[in-house]
Novice: 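Sharing a structure with you now.
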There are 2 protein chains.
Amino acid sequence: MSDSDKSVVSRLRKLIGEGFYPPGERIGEVAVAEQLGVSRTPVRLAFRTLEQEGLLQRAGKRGFMVREFTEADVLCAVEVRGVLEGLAARRLAEQGLSPALAEELTVWIQKGRELLAKGYLEERDVDVWSELNRRFHETIVGSAGSPVIGDAIARNNHLPFAAADSIVIDSEALDREYRKLQLAQTQHELVLQALSHGEGARAEMLMREHAFIGLRYGELLGLGPGLGQPRADD
Amino acid sequence: MSDSDKSVVSRLRKLIGEGFYPPGERIGEVAVAEQLGVSRTPVRLAFRTLEQEGLLQRAGKRGFMVREFTEADVLCAVEVRGVLEGLAARRLAEQGLSPALAEELTVWIQKGRELLAKGYLEERDVDVWSELNRRFHETIVGSAGSPVIGDAIARNNHLPFAAADSIVIDSEALDREYRKLQLAQTQHELVLQALSHGEGARAEMLMREHAFIGLRYGELLGLGPGLGQPRADD
DNA sequence: AAGCTCTACTTTGGATCCAAACATAATATC
DNA sequence: GATATTATGTTTGGATCCAAAGTAGAGCTT
């Protein structure tokens with residue numbers, strides 16, 4: 001994929017995510033091409049990719065429309081990630097956690113501990129957490145014995161809000177987010193514990209529950225509605 | 001997607017599945033275009049679709065290569081389908097099975113009963129089973145409250161052997177396949193039972209186990225190796 | 001006036017052309 | 001003789017052209 005091709009897909013993803021192209025509305029190739037300053041060719045290619053990612057869908061006989069996502073869809077996407085990461089964790093527990101892998105996971109756990117040790121959250125901590133969280137999840141999914149699970153998760157993550165690193169939602173209320181990250185950290189540690197002991201079912205369930213942290217734990221901690229803002233990165 | 005565009009994706013899928021383009025080998029646009037008798041444009045579009053489906057992957061900086069699947073990948077893809085269909089079943093059980101839906105599922109169960117009632121299997125029964133099996137699964141997945149799960153399963157099903165309707169593998173040994181379908185039928189009935197009673201966890205686990213029927217039950221029934229032949233349909 | 005049909009316009013799909021990037025091979029220089 | 005640089009060839013990506021299919025609108029007919 002050339003740089004600009006990748007860029008077209010990425011920019012379109014962003015624009016769609018931001019609601020620039022309204023959900024349910026038809027999206028034309030020429031309009032997008034002019035908007036992005038490229039010819040129709042890379043747009044046509046990008047549309048195929050975005051169709052497979054689930055952000056676009058066929059509009060009748062001709063062309064595409066922006067897919068609309070309900071709150072139920074978002075919840076479902078989070079659950080899908082939960083069961084898939086749960087599957088990865090269970091397989092990992094069943095095949096036995098190698099010392100090297102335990103080491104690797106402990107690194108990210110330790111980084112999490114250090115991050116939270118000072119008792120509060122700073123602005124720049126958000127990125128650090130996002131990174132270590134991503135690596136922790138990636139390590140588990142990537143070690144499940146086949147790239148198939150990771151692929152399924154990657155495709156699912158294209159849906160808005162579904163990705164694991166969309167946890168931190170409000171950098172204005174870092175004190176309240178702190179408690180959420182504490183919970184996430186504890187869950188990470190419990191997962192590692194279960195993995196180390198070969199407790200497949202427990203690891204699976206912990207991982208499943210962990211998926212909900214960006215969604216349902218807000219209510220619990222008084223952080224407002226369950227759905228946050230879209231993550232800034234892409 | 002135009003007819004011929006769809007046809008290019010479909011034909012390429014078939015050719016890749018049949019091993020015409022060897023796994024791990026680079027696949028060029030011009031070569032495929034000439035092979036299929038079209039210009040490069042539809043091939044380029046198809047490559048993007050197949051990349052997202054996971055059948056092709058980027059080969060370094062330039063072009064694509066046919067992805068190779070190990071036995072572990074196939075097993076994993078089956079497990080992925082299992083957890084996803086399990087998720088759908090659990091959600092369905094938790095939200096309560098509507099009378100209309102129970103009716104719908106009963107139709108396919110009943111058709112399965114009728115198919116197996118005569119005590120043996122005929123050649124033409126294979127298609128009938130394939131159809132009712134597909135409808136049974138589709139109905140459950142499609143009623144899970146969000147198309148997200150179905151999409152994830154659909155994407156997963158593009159991988160060879162992963163689809164639910166790749167159960168019937170040997171139309172030469174119909175007498176042995178009969179026992180397998182009997183088991184599948186029983187599992188269908190148990191799933192419906194669990195769904196009707198709102199037994200979410202049980203429905204989920206039954207559905208998960210059911211996913212293995214095309215893979216692991218062969219050994220059990222003395223049907224030879226766990227992996228069958230690719231399904232003929234597309 | 002309503003419905004049907006024909007036409008004109010819009011939009012997408014396929015083919016081709018051109019440019020750019022990567023790879024390979026050959027030649028020149030150290 | 002080996003290495004580096006250049007030149008050529010191969011392949012992909014982007015733009016444009018043309019054709020086909022769909023849609024909408026207007027005009028004609030009943």
Novice: Rounded off to whole Å, could you give me the CG-to-C1' distance for the L45(A) and dT12(D) pair?
Specialist: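 Spelled out: CG on L45(A) to C1' on dT12(D) is 11 Å.
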Novice: Give each protein N/O atom lying under 3.5 Å from an N/O atom of nucleotides 17-21 of chain C, with the pair distance.
Specialist:
unit_1: dA21(C); atom_1: N3; unit_2: R62(B); atom_2: NH1; d: 3.0
unit_1: dA21(C); atom_1: N3; unit_2: R62(B); atom_2: NH2; d: 3.4

Novice: So which one's nearest nucleotide on DNA chain D is more toward 5', G28(B) or S39(A)?
Specialist: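 Between the two, 5'-proximity favours G28(B).
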Novice: With a 4.0 Å cut-off on N to O distance, would you call E51(A) and R58(A) a salt bridge?
Specialist: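 Looking at R58(A) together with E51(A), the answer is yes, because their closest N to O distance falls below 4.0 Å.
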Novice: Can you figure out which of dT12(D), dG13(D), dT16(D) approaches the side chain of R48(B) most closely?
Specialist: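 Shortest atom-to-atom distance from the side chain points to dG13(D).
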Novice: Nearest whole Å is fine: how far is dT12(D) P from E34(B) CD?
Specialist: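 Taking atom P of dT12(D) as the reference, CD of E34(B) is at 12 Å.
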Novice: Measure from CG on L56(A) to C1' on dT12(C) and round the result to the nearest Å.
Specialist: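 Computing the L56(A):CG to dT12(C):C1' distance gives 15 Å.
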Novice: Between C1' on dT12(D) and CD on E51(B), what's the gap in Å once rounded to a whole number?
Specialist: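 Atom CD in E51(B) sits about 14 Å away from atom C1' in dT12(D).
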Novice: Go through dT11(D), dG13(D), dG14(C) for me and flag the one nearest to the R26(B) side chain.
Specialist: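 Selected nucleotide: dT11(D).
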Novice: Give a yes or no on this: more than 12 heavy atoms of other residues, nucleotides or ligands lie within 6.0 Å of atom CD of E18(A).
Specialist: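 Yes, because the 6.0 Å sphere around CD of E18(A) holds more than 12 heavy atoms from other groups.
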Novice: Under 4.0 Å between a side-chain nitrogen and a carboxylate oxygen: does that hold for R135(A) and E104(A)?
Specialist: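 A salt bridge is absent here (no side-chain N lies under 4.0 Å from a carboxylate O).
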Novice: Start at the 5' end of DNA chain C and walk down; is the nucleotide closest to T41(A) or to F47(A) reached first?
Specialist: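 The residue whose closest nucleotide sits nearer the 5' end is F47(A).
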Novice: Report the distance from atom CG of L36(B) to atom P of dA15(C), rounded to the nearest whole Å.
Specialist: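 Checked: the CG to P distance equals 11 Å.
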Novice: Once side chain to side chain contact (heavy atoms under 4.5 Å, CB included) is applied, do any residues pair with E114(B), and if so which ones, sequence neighbours excluded?
Specialist: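 Partners of E114(B) by the side chain to side chain contact (heavy atoms under 4.5 Å, CB included) criterion, ordered by chain and then number, come out as Q110(B).
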Novice: Under the salt bridge (charged side-chain N to carboxylate O under 4.0 Å, His left out) test, which residues partner D73(B), sequence neighbours left out?
Specialist: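 D73(B): no salt bridge (charged side-chain N to carboxylate O under 4.0 Å, His left out) contacts found.
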Novice: What is the distance from CZ of R58(A) to P of dT12(C), rounded to the nearest Å?
Specialist: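 Atom-to-atom, R58(A) to dT12(C), this comes out as 11 Å.
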Novice: Can you classify the ring geometry of H188(A) versus F136(A) as parallel (below 30°), tilted (30 to 60°) or perpendicular (above 60°)?
Specialist: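 Correct class here is parallel.
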